[in-house]
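Reminder, nothing fancy here: chain letters follow the sequence lines and each chain counts from 1.
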2 protein chains.
Amino acid sequence: MKLDDAAARLEALGNPTRLKIYRSLVRAGAEGMAVGRLQAKLDIAASTLSHHLKSLVVVGLVTQTRDGTTLVCHANYDLMRDLLGYMVEECCAEGSCAPVVLPKVA
Amino acid sequence: MKLDDAAARLEALGNPTRLKIYRSLVRAGAEGMAVGRLQAKLDIAASTLSHHLKSLVVVGLVTQTRDGTTLVCHANYDLMRDLLGYMVEECCAEGSCAPVVLPKVA
DNA sequence: ACGGTATTTCCAGAATTACAGAAATAAAGA
DNA sequence: TCTTTATTTCTGTAATTCTGGAAATACCGT
């Protein structure tokens, strides 16, 4: 992962509302969560939610699948793992801190 | 770590210039790096660097120690570890992804 | 105290972001 | 096709961020 991509993803997560959105999606697991449910759960304007979701989708942290009229959002675990891996690599680039083990995807 | 704190820290890292600054400091290891050397290395205006550094210091990711007229900056490894730990916890809150091992500080 | 180096603060302009109401679009069912 | 539900796009406003030049401050050596 390139530095600029990592920065863009960190920035996307670096907003309380978006971090809450992302957290909700992570906790929703593989089945994901519909935009409408997210809106009800987080109690923010639909347009605001849509913008934030777009930010997360653009950087790849969230994917969406349509199920009829509802759009289901999913956290992209693999990309999150990559991002954490990047941070760890940066952090440990010169043995400056203890090694961190990120598991392979099962 | 609270969600708002995590978001603030992610936001601080979520800018290419600041991520470069942070990476440089991480790679500088325990001895850190002076503001002036950072400026020469990254080739940005002193005032701009100072602003970005302040953002990193405010959220705790960077600490500074004075050595005469020069200010030496250090990456706060412990806090970074905590931040990564927070992300991992969020990510794995409901067993939604494989466990990630973050080492204890030696 | 003075001079020099290191760094920050002040200031301002350009660009971006956050937010939400209103209108537009997408999809499904009657 | 018409209606309803779900979601996005459009639009505008207020606030924030990024940037760097100029001036101010901090510290050291003499």
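With hydrogens and angles ignored, no donor-acceptor pair under 3.5 angstrom links the side chain of B:Thr69 to the base of C:dA6.
Contact between the side-chain N/O atoms of A:Ser50 and the OP1/OP2 oxygens of D:dT8 is found at a separation under 4.0 Å.
Between the NZ atom of A:Lys54 and the P atom of C:dA18 there is a distance of 13 Å, given to the nearest Å. Taking atom CG on A:Leu38 and atom P on D:dA6, their separation rounds to 14 Å, with Å as the unit. The separation between B:Arg37 atom CZ and C:dA6 atom P is 13 Å, rounded to whole Å. Atom CG of A:Leu71 and atom C1' of C:dA28 are 14 Å apart (whole Å). The distance from atom NE2 of A:His51 to atom C1' of D:dT13 is 13 Å, rounded to the nearest whole Å. Look at NE2 on B:His52: it is 13 Å from P on C:dT8, rounded to the nearest Å.
Contacts of residues 7-18 of chain B with DNA chain C (heavy atom under 4.0 Å): none.
Placement of B:Leu84 and B:Val59 within a single hydrophobic cluster is found when ILVMFWY residues are connected by side-chain heavy-atom separations under 4.5 Å, directly or transitively. A:Leu83 and B:Val88 fall within a single hydrophobic cluster, where Ile, Leu, Val, Met, Phe, Trp and Tyr are joined by side-chain heavy atoms under 4.5 Å apart, directly or via other members.
If A:Ser55 and A:Asp67 are placed on DNA chain C by their nearest nucleotide, the residue sitting closer to the 5' end is A:Ser55.
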